[in-house]
Chemist: 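Below you'll find the structure I mean.
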Amino acid sequence: MKTVVFESIPSTNDYLKEQFHLLDHMTCCEAKHQTKGKGRLGRVWEDDHTQALFSILLKHELDPSVLSIIPFFSAQIVHQVLSRKVELLTIKWPNDLYINDKKVAGILIESIMEANQVQAVVVGIGINVNTEIFPNHFRQEPTSLFLELGTKQNTLALIEQIMTQFETQWPKKSNEEIIQYVNQFSYLHGKIIEFEMNQQVLQGLVKEILSDGSLLVQTETQTLQLYSGEVSSIKKR
Ligand code: BT5
């Protein structure tokens, strides 16, 4: 595994996307601070220089069945490593990490396409490690490992542990095993949620995550399979 470290950079995801031709499979880009940290759907990821901010470049074994599982595989690895420290850690479909009802980490997956083919995938991970206060209002209440545990944590050691698990487990697990794990620790399981789809706000009961990665939801009138690219603003009611 090769690691490139920056004090400050616009976004570790963007760096790997721009340099992917020159970099090896499993290169990790790490930063202490991002000036243009990104979330999904054009959202912003904020940091206060105390977080784990890193991205991993995947260039091998990217067949379609592997591609669809990457968000869940990544969430599982982060969950396994953080669970060594904190209890009550869950995975909010598709790949956020929650402690109780608060968001502690977010994952952003981006694909690099050329000639209609996926050439590489970048997995970006942001974990609130030692944040003491969140001055800004977020859509979901945030938390950090420090706020939950009461002690400062070693950010670099945490990134190293996640990288080691990523390397050892990629892509050896079956999709079924991964989906089963994510269902076991699913934050939304059995909950009524409100979500936005096709510019409509809907409500429904979450049943389970299916093997294709979609979220099965029962509304009053129909059973829906939600795909992460098609829904936004999933909130527990
Ligand atoms: C995510 O997006 O949660 C994915 C975040 C991925 C960040 C990593 S850091 C390394 C790599 N490089 C990047 O540029 N990105 C990746 P999403 O589910 O869209 O959530 C974004 C929303 O979370 C924002 O709109 C805020 O409401 C909230 N948010 C922003 N910063 C946060 C933080 N530090 N902790 C908790 N919530 C935050």
Side-chain angles (χ1 to χ4, degrees), residues 3-20 23 27-58 70-72 74-75 77-79 82 86 89-112 120-148 153 155-156 158-159 162-163 166 187-188 193 195-196 213 215 226-236:
T3 307
V4 197
V5 185
F6 292 93
E7 199 59 42
S8 174
I9 194 175
S11 153
T12 55
N13 263 41
D14 286 349
Y15 175 82
L16 291 184
K17 278 166 67 186
E18 285 154 16
Q19 302 293 325
F20 91 95
L23 300 170
T27 298
C28 172
C29 174
E30 219 177 283
K32 303 238 166 61
H33 172 60
Q34 295 182 127
T35 53
K36 280 193 182 151
K38 303 187 298 182
R40 286 173 294 156
L41 307 166
R43 296 180 198 132
V44 173
W45 183 260
E46 293 183 16
D47 77 82
D48 61 356
H49 303 246
T50 72
Q51 300 185 359
L53 305 164
F54 61 110
S55 302
I56 305 158
L57 180 67
L58 304 174
I70 293 176
F72 305 101
S74 310
I77 300 286
V78 177
H79 185 276
L82 295 188
V86 277
L89 184 72
T90 53
I91 298 168
K92 183 181 174 208
W93 181 89
N95 52 12
D96 285 341
L97 278 293
Y98 271 56
I99 300 174
N100 286 318
D101 281 332
K102 299 176 188 169
K103 179 161 167 171
V104 68
I107 302 178
L108 171 67
I109 315 276
E110 295 186 278
S111 301
I112 299 159
V121 171
V122 173
V123 177
I125 302 172
I127 306 169
N128 298 327
V129 181
N130 289 319
T131 305
E132 293 179 17
I133 330 165
F134 291 94
N136 296 336
H137 174 78
F138 293 138
R139 289 148 17 98
Q140 307 96 347
E141 198 180 339
T143 191
S144 68
L145 296 181
F146 170 74
L147 290 173
E148 298 298 324
Q153 303 296 310
T155 307
L156 290 185
L158 199 64
I159 297 177
I162 292 172
M163 281 309 298
F166 226 95
Y187 172 72
L188 296 175
I193 57 162
F195 55 97
E196 220 179 294
L215 187 70
L226 309 187
Y227 289 90
S228 62
E230 295 167 2
V231 284
S232 60
S233 304
I234 300 180
K235 278 188 265 174
K236 198 180 82 174

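Please read all numbers here as calculations on a predicted model, not as lab measurements. In each ligand, atom 1 is the first atom listed, and ligand 1 is the first ligand listed.
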Chemist: List every atom of ligand 1 that sits less than 4.0 Å from any heavy atom of Thr12, numbering the atoms from 1 in the order shown and giving each element.
Modeler: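 Contacts of ligand 1 toward Thr12, numbered from 1: 10 (C), 11 (C), 12 (N).
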Chemist: When you measure from the heavy atoms of Asp47 to every atom of ligand 1, does any distance fall below 4.0 Å?
Modeler: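 The answer is no, since Asp47 has no heavy atom less than 4.0 Å from ligand 1.
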Chemist: Among Asn128, Leu158, Thr155, which residue satisfies the side-chain contact (heavy atoms from CB on, under 4.5 Å) criterion with Leu145?
Modeler: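 Single side-chain contact (heavy atoms from CB on, under 4.5 Å) partner of Leu145 among Asn128, Leu158, Thr155: Leu158.
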Chemist: State whether Lys236 and Asp101 are salt-bridged, where the test is any N-O pair (Lys NZ or Arg NE/NH1/NH2 against Asp/Glu carboxylate O) under 4.0 Å.
Modeler: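 Answer for the salt bridge query: yes.
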Chemist: Nearest non-hydrogen contact with atom 32 (C) of ligand 1 belongs to which option: Trp45, Phe54, Tyr15?
Modeler: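 Of the listed residues, Trp45 has the closest heavy atom.
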Chemist: Minimum distance, heavy atoms only, to atom 7 (C) of ligand 1: which one of Glu30, Lys38, His137 is it?
Modeler: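 Closest candidate by heavy-atom distance is Lys38.
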Chemist: Apply side-chain contact (heavy atoms from CB on, under 4.5 Å) to residues Val231 and Trp93 and explain how you reach the verdict.
Modeler: CA-CA 11 Å; Val231 284; Trp93 181 89; 3.8 Å; yes
Chemist: How far is atom 12 (N) of ligand 1 from its nearest protein heavy atom, and which residue and atom name does that atom have?
Modeler: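 In this structure, atom 12 (N) of ligand 1 has Gln34 OE1, 2.8 Å as its nearest protein heavy atom.
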Chemist: Could you tell me which atoms of ligand 1, counted from 1 in the order shown, lie closer than 4.0 angstrom to a heavy atom of Ser55?
Modeler: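 Here the atoms of ligand 1 in question are 11 (C).
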Chemist: List the steps and the verdict of side-chain contact (heavy atoms from CB on, under 4.5 Å) for Gln153 and Asn130.
Modeler: CA-CA 6 Å; Gln153 303 296 310; Asn130 289 319; 3.9 Å; yes
Chemist: Tell me which protein heavy atom sits closest to atom 24 (C) of ligand 1, plus the residue, atom name and distance to 0.1 Å.
Modeler: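 Result: Val44 O, 3.3 Å.
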Chemist: Which atoms of ligand 1 are found less than 4.0 Å from any heavy atom of Gly37?
Modeler: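 Those qualifying, in numeric order: 14 (O).
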Chemist: Looking at atom 18 (O) of ligand 1, what's its closest protein heavy atom, distance included?
Modeler: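 Looking at atom 18 (O) of ligand 1, the protein heavy atom closest to it is Arg40 NH2, 2.8 Å.
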Chemist: Find all atoms of ligand 1 within a distance of less than 4.0 Å from any non-hydrogen atom belonging to Ser11, and give their numbers and elements.
Modeler: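 Those atoms are 12 (N), 13 (C), 14 (O).
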Chemist: Tell me: protein heavy atom nearest atom 35 (N) of ligand 1, and distance?
Modeler: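 Answer, as residue, atom name and distance: Asn128 ND2, 2.9 Å.
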Chemist: May I ask you to decide if Lys103's main-chain N or O and Asp96's side chain share a donor-acceptor pair within less than 3.5 Å?
Modeler: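 Between the backbone of Lys103 and the side chain of Asp96 there is no qualifying donor-acceptor contact (under 3.5 Å).
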Chemist: Ligand 1 versus Arg43, non-hydrogen atoms closer than 4.0 Å: side chain, backbone, both, neither?
Modeler: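 Arg43 to ligand 1: side-chain contact only, backbone stays beyond 4.0 Å.
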Chemist: Test side-chain contact (heavy atoms from CB on, under 4.5 Å) on Val123 and Phe166; report intermediate values, then the result.
Modeler: CA-CA 11 Å; Val123 177; Phe166 226 95; 4.2 Å; yes
Chemist: Between Glu30 and Ile159, is any pair of side-chain heavy atoms under 4.5 Å apart?
Modeler: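 Glu30 reaches Ile159 side chain to side chain.
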Chemist: Which part of Leu41 is near ligand 1, with near meaning a heavy atom under 4.0 Å away: side chain, backbone, both or neither?
Modeler: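 Leu41 to ligand 1: no contact under 4.0 Å from either part.
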Chemist: From atom 20 (O) of ligand 1, work out which of Gln51, Lys103, Arg139, Lys102 has a heavy atom at the shortest distance.
Modeler: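 Residue with the shortest heavy-atom distance to the ligand atom: Lys103.
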Chemist: Sub-3.5 Å donor-acceptor pair from the side chain of Gln51 to the main-chain atoms of Ala105, do we have one?
Modeler: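 No, Gln51 side chain to Ala105 backbone: no donor-acceptor pair under 3.5 Å.
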Chemist: Need the ligand 1 atom indices (1-based, order shown) with element for anything under 4.0 Å from a heavy-atom of Ile107.
Modeler: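 Every atom of ligand 1 under 4.0 Å from some heavy atom of Ile107: 4 (C).
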Chemist: Closer than 3.5 angstrom, by distance alone: can the side chain of Thr50 be matched with the main-chain N or O of Thr131 as a donor-acceptor pair?
Modeler: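 Yes, Thr50 side chain to Thr131 backbone: donor-acceptor pair under 3.5 Å.
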Chemist: Test side-chain contact (heavy atoms from CB on, under 4.5 Å) on Leu226 and Phe195; report intermediate values, then the result.
Modeler: CA-CA 10 Å; Leu226 309 187; Phe195 55 97; 3.7 Å; yes
Chemist: Which residue and atom name correspond to the protein heavy atom nearest atom 34 (N) of ligand 1, and how close is it?
Modeler: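 Heavy-atom neighbour on the protein nearest atom 34 (N) of ligand 1: Glu46 O, 2.9 Å.
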Chemist: Using modelled atom types and a 3.5 Å cut-off, is there a donor and acceptor pairing between side-chain atoms of His79 and backbone atoms of Leu97?
Modeler: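 Flag not set: sc His79 to bb Leu97 has no pair under 3.5 Å.
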Chemist: Nearest to atom 37 (N) of ligand 1, what protein heavy atom do you find, and at what distance?
Modeler: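 Minimum-distance protein heavy atom for atom 37 (N) of ligand 1 reads Phe138 CD1, 3.6 Å.
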Chemist: At under 4.0 Å between heavy atoms, which part of Val104 makes contact with ligand 1: side chain, backbone, both or neither?
Modeler: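 It is neither part, as no heavy atom is under 4.0 Å.
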Chemist: If you count heavy atoms of other groups shown closer than 6.0 angstrom to NZ of Lys235, is the number above 12?
Modeler: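 Counting neighbours around NZ of Lys235, 12 or fewer heavy atoms of other residues, nucleotides or ligands fall under 6.0 Å, so no.
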Chemist: Take every heavy atom of Asp96, measure it against each atom of ligand 1, and state whether any distance is under 4.0 Å.
Modeler: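 Under 4.0 Å: yes for Asp96.
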